[in-house]
Every structure is written in C-alpha cells, then in structure tokens.
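Quick notes on the structure that follows.
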Amino acid sequence: MTSTAAVEARIPTTTTPRAGTGGVADAPALRGLPDVPCPSELPTREARELTRVFFARLRSLEEGTPEYRYVRSTLIEMNISLVHFAARPFRDRPGGPENEDIVQVGIIGLIKAIDRYDPDRNTQFTTLALPYITGEIKRHFRDTSWAVRVPRRFQELRSQLAKATEELTSVLGHAPTPAELAAHLDLPEDEVRQGLVAANGYSAQSLDAPRDSAGGAGQPPAPGRDPRTLAESMGGPDPELEMVENRHALAPLLADLDERCTRILELRFGQELTQAEIGAEIGLSQMHVSRLLTRTLGDLRAQLHG
C-alpha cells in the first residue's frame, strides 16, 4: 500500500486555496497540509491515505472555525466515492427515489461517520463509514417509500413475509397460508395476518390508472373503447342508505298511531291511492282524509326531528 509520505510527495503542499474556500487553505493552522485541488477525483488509494492525514489535522482544530470546516468538507469530498459505492444496490429498487436523492441521503451518513470517527481506535475509516451510509439510505427508504405510513415493525415484517412466501411456495408448490407463514417464521398467526394487511400500504394505485380488465375477469375492453379507470368503477353516494336510517327511526312512531291513521298511511303510501279513493275505501270525505294526512304527517315530522 502506498505510504502517507509517498502520497504527500505526489500532491503539492502549496497554499493555493481551492475555489470556494475563500483563502482558508493558507491559514497558519493548515500549513503543511497537502493541497488537494479536486478531492472527489483522487484515486481510491490516495484518498484513503490522505483521509488519515486530514483526520489527524481535524482533531487539532477547533470545531466551528473556518479551518475546521475546510478540512471537514475536504474529507467529505475525498470520500464521496464511498457513497456512490454504497448507493449502487439501491438504485434500481422499484418505487425508490431518484439516484441523486439516494446520493444526497448517503452523504448525510458520510458526514455522521466523519463526525464520529476516532483515529485512535486504529481502524479504517471505511469500516465505520459504509454502515453509516448504508443505514442512512435504508432509513430513507423505510421512511419515504411506503405509500401509507405503517409502524416500523410491520415494515420489517413485510420483508420477512416476502422472503418466507418465496421459500414456502417453492417447497409447497402453492402460495402459503397465514398459518404456514406463521409456523415458518415462528410468529403468532394474528401478527402475520396484520403484517400481510400492512404490506398493502407499500404501494398505491392511482384512481386514474386503467383497470386490467374493464368487462370482467380476463375480458379485455371492447375494441375502440378506452379501458375504464378504477375511479369510474367505484360507486357513488347511495340516497337509499339515508332512507334506511329514516325508516328505522320512524318504526316506533308508526307503531303508536291509531288504526285509522295507520290504514290511511298504508293506502296513501303503500298502495298509492288518491285521497278520494282512500275516502271511498274507509267511508270518509276527501277533505277529511286530507286533514288527517296533514295532521299525521306533521306529528311524525315533528317527532322525527324533535
């Protein structure tokens, strides 16, 4: 492995500041520190060796000073390749964020690793940095990729259920039941059922998306017709539902009516007879039937809304 001295020999220790450093690189506290014009473009081996040099200098600087910020930002740029390496397995995840978002999240993990690294422990910085970066990316997926936010234990259970389902399907020759999954994972069946329900919250389908089949199971849409969307197949408000509540509330009020009023209501609204026909049926004048109907309906309405 190339020694630190050999790396420093190939990189000039001039005091020419990098663009954007505002002349910090020529501060007395940074004299003797190798000048790195493009930290993110260093070869991996040289970046590793210079990381040790910059960490040693970082410990001697007061946190919050311009010199401290300069060294810290140089360490971030020198190790940005670790973020790209750790982000590679996550780039093609369905429903995941864009690649640039993954890198930005990974940089947060890299910064945390830089702030927590202790050179005195005599371990490679990459040993600490990669778990921090990967953990930050995984946390980002866990917190943002679900369409519906569910408890963390159900998010983790979804992965276990997916893996167990694949394994059991190959062994059993059919999709496993919740009981079989519970036995395989050594979990209560109720918890497995809850996990299966919660897994539906991972992704959501737009109401404007076309349905797989518009005319029924396995039937394609008619020629020349666009497939129906999910929104078009959903029901609307049903006014009859309100009538159910009204009928339920009216039942005890109707039971208290006398026999004549009950008979008039039955003929009027059940058989849809006119007031004259009702009068002929029960032996009353049409005017008398009208008064009885008006009074009865008024009493019922008052009690119903009272």
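Here the structure is a predicted model, which means the values were calculated and not measured. Just the heavy atoms: all of them, side chains too, but no hydrogens, waters or symmetry mates, feed the values below.
Of all the heavy atoms in P176 and L181, the pair that sits closest is CG-CD2, 3.8 Å. Taking both residues in full, the closest heavy atoms of E77 and P39 are given as CB-CB, 3.6 Å, listed atom of the first, atom of the second, then distance. When all heavy atoms of A86 and I133 are compared, the pair lying nearest together is CB-CG2, 3.6 Å. Minimum interatomic distance between L253 and L304 (heavy atoms only, all atoms of both residues): CD1-N, 4.1 Å. Nearest heavy atom pair, residue S40 against residue I80, reads CB-CG2, 3.9 Å. Between A47 and M78, the shortest heavy-atom distance links the atoms CB-O, 3.7 Å.
Within a 6.0 Å radius of CD in E166, other residues, nucleotides and ligands contribute 12 heavy atoms or fewer. The number of heavy atoms from other shown groups lying within 6.0 Å of CG (D120) is above 12. No more than 12 heavy atoms of other residues, nucleotides or ligands shown are found within 6.0 angstrom of CZ on F85. Within a 6.0 Å sphere centred on CD of E277, other residues, nucleotides and ligands contribute more than 12 heavy atoms.
Contact annotation: the side chain of L284 approaches that of L292 to within less than 4.5 Å [non-hydrogen atoms, C-beta and beyond]. Here the side chains of L75 and F125 are not in contact, with every heavy-atom distance at 4.5 Å or above. Using a 4.5 Å heavy-atom cutoff, the side chains of H174 and E180 are in contact. The shortest distance between side-chain heavy atoms of T262 and E259 does not fall below 4.5 Å. In this structure the side chain of H84 never reaches within 4.5 angstrom of the side chain of R88, judged on heavy atoms. Between L257 and D299 there is no side-chain heavy-atom pair separated by less than 4.5 Å. Looking at L58 and F54, their side chains never come closer than 4.5 Å, going by heavy atoms from C-beta outward. For the pair L33/V53, a side-chain contact is recorded, criterion being any heavy-atom separation below 4.5 Å from C-beta on.
Linking ILVMFWY side-chain heavy atoms closer than 4.5 Å, directly or via other members, places L265 and V289 in a single hydrophobic cluster. M287 and L273 fall into different hydrophobic clusters, where Ile, Leu, Val, Met, Phe, Trp and Tyr side chains are chained together by heavy-atom contacts under 4.5 Å. Cluster annotation: L168 is connected to L187 through the hydrophobic network of ILVMFWY side chains, with a link wherever side-chain heavy atoms come within less than 4.5 Å. In the hydrophobic clustering of ILVMFWY residues, with side-chain heavy atoms under 4.5 Å counting as a link, V192 and V197 come out apart.
Within the model, atoms CG of L61 and CZ of R59 stand 12.0 Å from one another, a figure rounded to the nearest 0.5 Å. Here N79 contributes atom CG and I107 contributes atom CD1; the two are 11.5 Å apart, rounded to the nearest 0.5 Å. Here CD of E245 is found 11.0 Å from CG of L250. Values are rounded to the nearest 0.5 Å. One distance of note links OH of Y132 with CG of L82; it measures 14.5 Å at 0.5 Å rounding. Expressed to the nearest 0.5 Å, how far CG of L128 lies from NZ of K112 amounts to 12.5 Å. Interatomic distance, CG of D256 versus SG of C261, reported as 12.0 Å (0.5 Å rounding).
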Kindly indicate, with the supporting measurements, whether the criterion side-chain contact (heavy atoms from CB on, under 4.5 Å) is fulfilled by K138 and F90. CA-CA 9 Å; K138 287 182 176 180; F90 299 92; 3.9 Å; yes

Yes or no on side-chain contact (heavy atoms from CB on, under 4.5 Å) for E62 and E67, after CA distance, side-chain angles and deciding distance? CA-CA 8 Å; E62 183 179 352; E67 294 84 358; over 6 Å; no

Output, in order, the C-alpha distance, side-chain angles, deciding distance and verdict of side-chain contact (heavy atoms from CB on, under 4.5 Å) for R121 and D118. CA-CA 6 Å; R121 295 192 175 185; D118 183 1; 3.9 Å; yes

side-chain contact (heavy atoms from CB on, under 4.5 Å) between R295 and R291, worked out: CA-CA 6 Å; R295 186 185 66 189; R291 287 197 297 267; over 6 Å; no

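The side-chain hydrogen bond (donor to acceptor under 3.5 Å, both in side chains) search around R72 returns D115, not counting sequence neighbours. For R139, the salt bridge (Lys or Arg N to Asp or Glu O under 4.0 Å) partners at least two apart in sequence or on another chain are E136. For R263, the side-chain contact (heavy atoms from CB on, under 4.5 Å) partners at least two apart in sequence or on another chain are E266, L267, Q271, E281, I282. Scored by the side-chain hydrogen bond (donor to acceptor under 3.5 Å, both in side chains) test, E167 finds H184 as partners (sequence neighbours excluded).
Distance alone, capped at 3.5 Å, is enough to place a donor-acceptor pair between the S73 side chain and the Y70 backbone. Panel note: side chain T165, backbone L161; a donor-acceptor pair is recorded below 3.5 Å. Judged purely by atom type and a 3.5 angstrom limit, Y117 uses its side chain to pair as donor or acceptor with the backbone of T123.
Residue pairs meeting the ring-ring contact (aromatic ring centres under 6.0 Å, His included) criterion with at least one member in residues 284-306: none, sequence neighbours excluded. For residues 154-165, the pairs satisfying salt bridge (charged side-chain N to carboxylate O under 4.0 Å, His left out) are R152-E156, with sequence neighbours left out.
E189 and R193 are joined by a salt bridge, as a carboxylate oxygen and a charged side-chain nitrogen come within less than 4.0 angstrom of each other.
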